[in-house]
Amino acid sequence: MSILYHDNSKIFHLYNDSISYIITVMRNGHLGQLYFGKKIHDKEDFSYLLETCERPMTSYIYENDRTFSLEHIRQEYPVFGSTDYRQPAIDIQQSNGSRISDFKYDSHKIIKGKPKLDGLPAIYTESEDEAETLAIILKDHVSKVCVELYYTIFITGGIVARSARLWNEGTSSVQIKRAMSLCLDLPDSDYEWVQLSGCWARECHIHKRNLEQGIQSIGSMRGNSSHEQNPFLVLKRQNTNERAGEAIGFSFIYSGNYKILAEVDAHETLRVLVGIDPETFEWKLESGASFQTPEAVMVYTAHGLNQMSQTFHKLYQKRLARGYWRDRARPILNNNWEATYFDFTEDRLIEIAAKAKECGVELFVLDDGWFGERSSDRAGLGDWTANKERLPNGITGLAERIEELGLKFGLWFEPEMVNKDSDFYREHPDWIISTPDRQISHGRYQYVLDFSRKEVVDAIYDQMAKILSEAKVSYIKWDMNRSITECYSKALPADRQGEVYHRYILGVYDLYERLTSQFPKVLFESCASGGGRFDAGMLYYAPQGWASDDSDAIERLKIQYGTSMCYPISSMGTHVSVVPNHQVFRNTPLHTRANVAYFGTFGYELDLNKLTEQELIEVKEQIAFMKKYREILQFGTFYRLKSPFEGNETVWMVVSEDQKTALVGWYRILNCVNASYTRVRLEGLNPQFCYHNLKTGRCHFGDELMHVGLITSDETAGQVPSDVTPYTDFESRIYVLEVAES
Ligand code: DGJ
């Protein structure tokens with residue numbers, strides 16, 4: 001890995017064994033983008049890559065020159081309003097009302113490792129040798145605003161992490177109207193756009209389309225990154241698939257309003273921008289003050305989408321997630337939400353927990369409904385003390401009883417919210433986000449606390465820290481069940497109202513930071529009505545997140561498949577729930593529910609007392625299976641093999657680091673009569689190793705399984721032999737492949 005600067009040509013070349021990223025200082029002092037892609041040899045001069053020519057209807061920078069227009073040049077951090085008519089990366093309004101700026105190269109430094117981002121989640125390094133960072137300072141000499149652009153490249157892998165810091169050396173304040181984290185200008189637009197979209201209970205479905213001239217974008221203006229559009233984009237070549245071909249993934253390490261856009265211009269060049277949503281953001285930068293953008297990560301691959309995802313998985317598992325639980329297999333839990341909803345007593349919870357313990361569960365989680373006057377969703381949020389009617393011994397007493405059973409205890413919070421029917425609201429009615437003299441909309445009868453205010457965050461912190469200090473709580477599920485409306489903070493002046501959405505998220509990060517550092521062994525699971533804030537920002541604090549409120553195994557195939565495009569298996573909360581399922585009322589076999597949930601953190605979302613003896617035997621086997629293989633399932637190398645978006649079968653697999661164990665998950669939605677023979681070519685095995693298929697008893701070399709394939713046909717395609725149990729709809733199997741130790 002290296003970052004080189006060629007002084008004569010003013011060219012920076014960042015490279016490692018996989019990628020090259022080449023930037024130049026152009027003759028107007030702005031930064032030009034020359035190349036991003038597969039690694040190429042370094043040389044002194046790549047300036048021929050900066051193509052310019054005379055074009056009609058173009059505005060030019062230099063008086064006697066009809067070639068140099070920013071409109072037709074690929075750039076690193078384009079400004080608004082001077083010859084480039086595309087979307088800018090930066091837009092600052094100055095005291096005279098002008099939005100024109102001219103950010104010219106000032107200086108640069110090459111730093112070992114990676115600097116921290118103050119108050120924001122970001123990729124980190126554990127030693128200085130893992131990565132290098134290029135920091136380039138640009139200055140606008142009229143406004144005296146400076147920008148420092150950061151580019152971190154790792155010793156290996158196609159990763160570049162980007163962010164920008166702005167500061168004001170002038171005497172007047174300026175309004176930042178837009179400060180994107182990443183701009184990438186590419187020489188052609190022959191890419192397919194792949195996004196993860198959906199809605200509540202249908203998160204992260206894969207949607208694709210070709211790029212066209214104009215702007216295509218995803219984003220959120222809800223205050224949370226959203227169920228609708230995950231802050232992640234892939235641009236892939238038309239022929240790129242899971243196994244081969246070129247692609248670039250863009251992920252934003254942020255949990256609030258964002259925008260990811262691609263603009264294709266008239267000459268089919270492409271600009272990608274990633275950053276805080278400019279529509280809902282404005283920031284007053286006082287003289288002497290600074291502003292740090294969140295971080296965006298791009299991953300280039302020349303070898304298919306699986307390789308791109310694996311790069312994100314390892315990066316986010318090892319260098320974004322932090323703390324005690326980062327590398328640890330996750331406890332198998334039983335959550336009471338779908339078992340009881342709001343209808344429980346302490347004894348009823350103990351009954352559920354006791355059965356869970358008998359089956360091998362390790363952690364019992366008490367969900368919504370344990371606090372204040374909460375007997376429905378109309379009251380109680382904000383009052384984080386136990387409801388004495390339901391829990392006469394408080395959380396401390398309940399946690400003790402759970403621990404006596406031999407289980408760990410976990411607890412649900414929704415720290416950012418308040419019901420009007422709560423003591424907290426009655427004491428602080430002005431602490432909610434709402435606009436003076438306007439209607440205040442609710443969502444699920446709840447209101448959003450103004451986390452842009454430190455005193456509000458402090459008050460919630462005090463309540464949560466008290467419970468965590470007094471009771472034996474090992475896990476927290478941090479929920480967030482509505483988006484922001486009528487966004488306004490009573491604590492900020494008029495010219496700072498554009499800051500509220502971002503300051504809100506900074507408040508959320510601050511509370512997470514305080515709690516995770518004060519209680520380092522507590523496992524945090526983020527949640528926002530399922531996957532409403534399942535993003536890379538959250539992973540910095542909570543190494544796992546509840547991927548969706550839809551717990552149906554068949555719906556989960558698409559959700560988990562899509563989510564795996566960017567996020568590691570260890571980050572996905574996955575539970576076995578009852579049938580008929582509570583969201584789609586579908587009946588699926590118990591083994592299929594577990595076979596899907598194994599590819600995640602795994603747990604149960606039901607009352608095991610309600611299962612038959614036969615089912616309980618199966619549950620015990622499932623838990624024993626998960627305990628045996630969870631390190632591999634959660635931290636192995638994951639491959640998508642057949643897509644639920646493309647056919648009746650889904651197949652995915654994980655391979656252990658030593659390649660000696662692989663687990664293949666095979667799922668078929670509807671049964672077929674007189675079906676075709678099916679097989680799937682596996683990935684990531686060692687061609688020399690001989691794998692024992694525990695289901696068939698046969699042995700196969702790795703090359704055989706990767707090139708010939710694993711046979712997945714079944715013997716009950718319409719004519720059922722009497723000694724075989726017929727398969728039905730929603731069938732699935734896990735194939736365990738183990739290298740026989742000789
Ligand atoms: C939404 C979450 O996603 C559910 O799992 C559950 O915790 C409910 N909220 C509780 O209100």
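Just so you know, ligand 1 is whichever comes first in the structure, and atom 1 is the first atom listed for that ligand.
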Check whether Trp652 forms a cation-pi arrangement with Arg640 (NZ or CZ under 6.0 Å from the six-membered ring centre, at most 45° off the ring normal).
no

Tell me the protein heavy atom at minimum distance from atom 6 (C) of ligand 1, and give that distance in Å.
Asp367 OD1, 3.4 Å

Within the structure provided, determine whether Asn334 and Leu608 are in side-chain contact (heavy-atom separation under 4.5 Å).
yes

Closest to atom 3 (O) of ligand 1 among protein heavy atoms sits Asp549 OD1, 2.3 Å

May I ask you to check whether Glu731 and Thr592 show a side-chain donor-acceptor distance below 3.5 Å?
no

How far is atom 9 (N) of ligand 1 from the closest protein heavy atom, and which atom is that?
Asp479 OD2, 2.7 Å

Salt bridge between Lys357 and Glu362, side-chain N to carboxylate O under 4.0 Å?
no

Do Thr280 and Asp277 pair up side chain to side chain, a donor and an acceptor below 3.5 Å, judged on atom types alone?
yes

Classify the contact between His575 and ligand 1 as side chain, backbone, both or neither, using a heavy-atom distance cut-off of under 4.0 Å.
neither

Which ligand 1 atoms does Trp546 reach within 4.0 Å, using its non-hydrogen atoms?
3 (O), 5 (O)

Under a 4.0 Å threshold between the charged nitrogen and the carboxylate oxygen, would Asp347 count as salt-bridged to Arg401?
yes

Region of Asp377 that comes within reach of ligand 1 [heavy atoms, distance under 4.0 Å]:
neither

Using a 3.5 Å distance criterion without hydrogens, assess whether the side chain of Asn336 forms a donor-acceptor pair with backbone atoms of Leu349.
no

On the six-membered ring of Trp200, is Arg222 placed so that its NZ or CZ lies under 6.0 angstrom from the centre and within 45° of the ring axis?
no

With respect to Asp368, determine whether any N or O atom, backbone or side chain, lies less than 3.5 Å from an N or O atom of ligand 1.
yes

Considering only protein heavy atoms, which is closest to atom 5 (O) of ligand 1, and at what distance to one decimal place?
Lys477 NZ, 2.7 Å

Can you tell me if Arg444 has a non-hydrogen atom under 4.0 Å from ligand 1?
yes

Give yes or no for whether the N/O distance cutoff of 3.5 Å, strictly under, is met between Gly530 and ligand 1.
yes

Which ligand 1 atoms, with their elements, are less than 4.0 angstrom from a heavy-atom of Cys527?
2 (C), 3 (O)

